Amino acid sequence: MKWRVIMFEHHDAFTNMALDEACSEAVADGKVPPTIRFYGWQPSAVSIGYHQSITDEVDLEECRKSEIDVVRRRTGGGAVYHDYNGEITYSVIAPEIYFTKDIIASYKIICGWIVNGLKTLNLEAEFKPINDIIVGGKKVSGNAQTRRHGVLLQHGTLLFDLDVRKMFSVLKVSKEKISDKMIASVEERVTSLKRLGIADKNEAYKALVEAFTQGKEFEFGSWSENELLRAKELATTKYRTTEWNFQR
Amino acid sequence: MKSKITAKVEGGKMLRMELELSESQDKAKYVKITGDFFIHPEDSLVVIEKTLVMSNASEGMDVIAVKIDEICKSQGIQLIGITPQAIASAFSEAIKQAKENKTGALE
């Protein structure tokens, strides 16, 4: 089946997660084709993994002061600070049967698309199980997957720019630990496209679109009316709620 | 008699466990597991928590690990970045610390 590709768009955190779920439902019902979407976060946001405790992981007061949204994902994994300008996020939403049953192997396939995109930017990247992509031994992309109702959803981020100080101010690391030493240690483990010499975010985005669609029949498309309506509903009744975000 | 422990699982994922012991201290009456690991299907984490709540506090780590492994196999639960042994180890430590009535970290 032909894939639908939804070009980069910014949304708030709740709408981003709601769109992923609304699209997953529509794919499960056969109402829309398998979908690849690219997006950003406006305002900047923190997303936490499905199994994480929001109060353990996020400095909610700092987020409130900085007007940073906080949302729980449907996928496992860790807390991520999504800077408005700092990353390109993607989601792949397709029937599970499009991929192998082996979850790590399917991470490798989709992460392989990112690795290929980075290759066209002359960056030697590699997939590092479980869910990371590294360049020169440093993490540049984190990814997370869920499979529900026969649909695979994998979303992930490609770091374009990294503000470690900001990241530490919203993620709960004890204030004492936000020392220069700790920041240096994170910078030894994490990198960004900018640090790797890719100054043009659009160039990186184009490389990703090219790599994600390579060998696939696809067309650029938009959300259906039903997906938009459902996403609006889910954003309000689920992703913005205390019940969802504070469930653990 | 509560405890909250943090353990780093081999491979780098974090596992936190909050536990409350029963009055008689022979069982946990409440267990909550959180962390940055993956479980498929996601909602089966509660099945593992229930398994722990139904276990005796005196049971050894290996016994608990086998129980978790069996429940995962029988219900098609996949643990990624976390293992039955890691959960069992955290449970034992959380029991121990609850009895001592303190919180702490497992490295």
Side-chain angles (χ1 to χ4, degrees), chain A residues 21 24 46-58 72-80 96 99-108 128-132 134 139 142-156 171-174 177 186 189-190 244-248, chain B residues 2-20 28 30-53 68 71-73 75-87 90-91 94 97 103-107:
Chain A
E21 184 165 351
S24 299
V46 170
S47 75
I48 60 164
Y50 187 68
H51 304 299
Q52 291 189 297
S53 154
I54 195 166
T55 50
D56 279 348
E57 305 296 338
V58 187
R72 180 180 299 278
R73 302 190 304 269
R74 298 167 75 217
T75 51
V80 183
E96 216 178 330
F99 294 89
T100 165
K101 276 186 179 170
D102 182 325
I103 290 171
I104 302 287
S106 62
Y107 269 114
K108 192 177 181 183
K128 188 186 174 198
I130 302 168
N131 55 329
D132 292 339
I134 57 170
K139 179 173 171 172
N143 304 273
Q145 188 184 124
T146 181
R147 296 172 180 220
R148 299 176 197 225
H149 311 295
V151 173
L152 176 151
L153 157 69
Q154 182 171 313
H155 45 205
L171 300 183
K172 236 179 197 175
V173 181
S174 64
K177 284 188 180 172
V186 167
R189 290 186 286 113
V190 182
W244 170 259
N245 288 316
F246 285 76
Q247 65 179 269
R248 279 199 175 261
Chain B
K2 292 178 183 177
S3 65
K4 183 172 182 177
I5 63 123
T6 302
K8 194 168 185 178
V9 183
E10 196 183 332
K13 300 292 184 195
M14 299 298 290
L15 187 163
R16 295 186 211 272
M17 189 176 288
E18 274 181 63
L19 179 145
E20 186 172 356
Y30 172 78
V31 174
K32 183 172 86 170
I33 302 170
T34 58
D36 58 355
F37 45 80
F38 296 91
I39 296 184
H40 295 259
E42 284 76 6
D43 291 325
S44 47
L45 185 55
V46 293
V47 175
I48 294 169
E49 290 169 340
K50 262 185 204 161
T51 304
L52 295 177
V53 166
I68 296 167
I71 199 92
C72 288
K73 280 180 181 149
Q75 299 205 15
I77 298 168
Q78 280 191 71
L79 306 178
I80 299 177
I82 191 177
T83 59
Q85 290 75 19
I87 298 169
F91 181 67
Q97 296 205 9
T103 59
L106 267 181
E107 295 301 335

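Convention: sequence-line order gives letters A, B, ...; per-chain numbering from 1. As the structure is a prediction and not an experimental result, all values here were calculated from the model.
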In a check of side-chain contact (heavy atoms from CB on, under 4.5 Å) between Arg16(B) and each of Glu57(A), Arg248(A), His51(A), which one passes?
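It is Glu57(A), the one option of Glu57(A), Arg248(A), His51(A) that forms the side-chain contact (heavy atoms from CB on, under 4.5 Å) with Arg16(B).
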Engaged part of [X] at the chain B interface, taking heavy atoms whose separation is under 4.5 Å:
| X | value |
| --- | --- |
| Ala144(A) | both |
| Ile48(A) | neither |
| Asp56(A) | both |
| Arg148(A) | side chain |

State whether the number of non-hydrogen atoms from other residues, nucleotides or ligands found under 6.0 Å of Lys108(A) atom NZ is greater than 12.
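No - once you tally the heavy atoms of other residues, nucleotides and ligands closer than 6.0 Å, there are 12 at most.
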Largest heavy-atom contact set with chain B, pairs under 4.5 Å, which of Ile104(A), Ile130(A), Thr75(A)
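Most heavy-atom pairs under 4.5 Å with chain B: Ile130(A).
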Find the one option among Gly49(A), Pro129(A), Ser53(A) whose heavy-atom pairs under 4.5 Å with chain B are most numerous.
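Of Gly49(A), Pro129(A), Ser53(A), Ser53(A) has the most heavy-atom pairs under 4.5 Å with chain B.
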Sorted by number, residues from residues 36-44 of chain B in contact with chain A (heavy atoms, under 4.5 Å)
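Within residues 36-44 of chain B, near chain A: Asp36(B), Phe37(B), Phe38(B), Ile39(B), His40(B), Glu42(B), Asp43(B).
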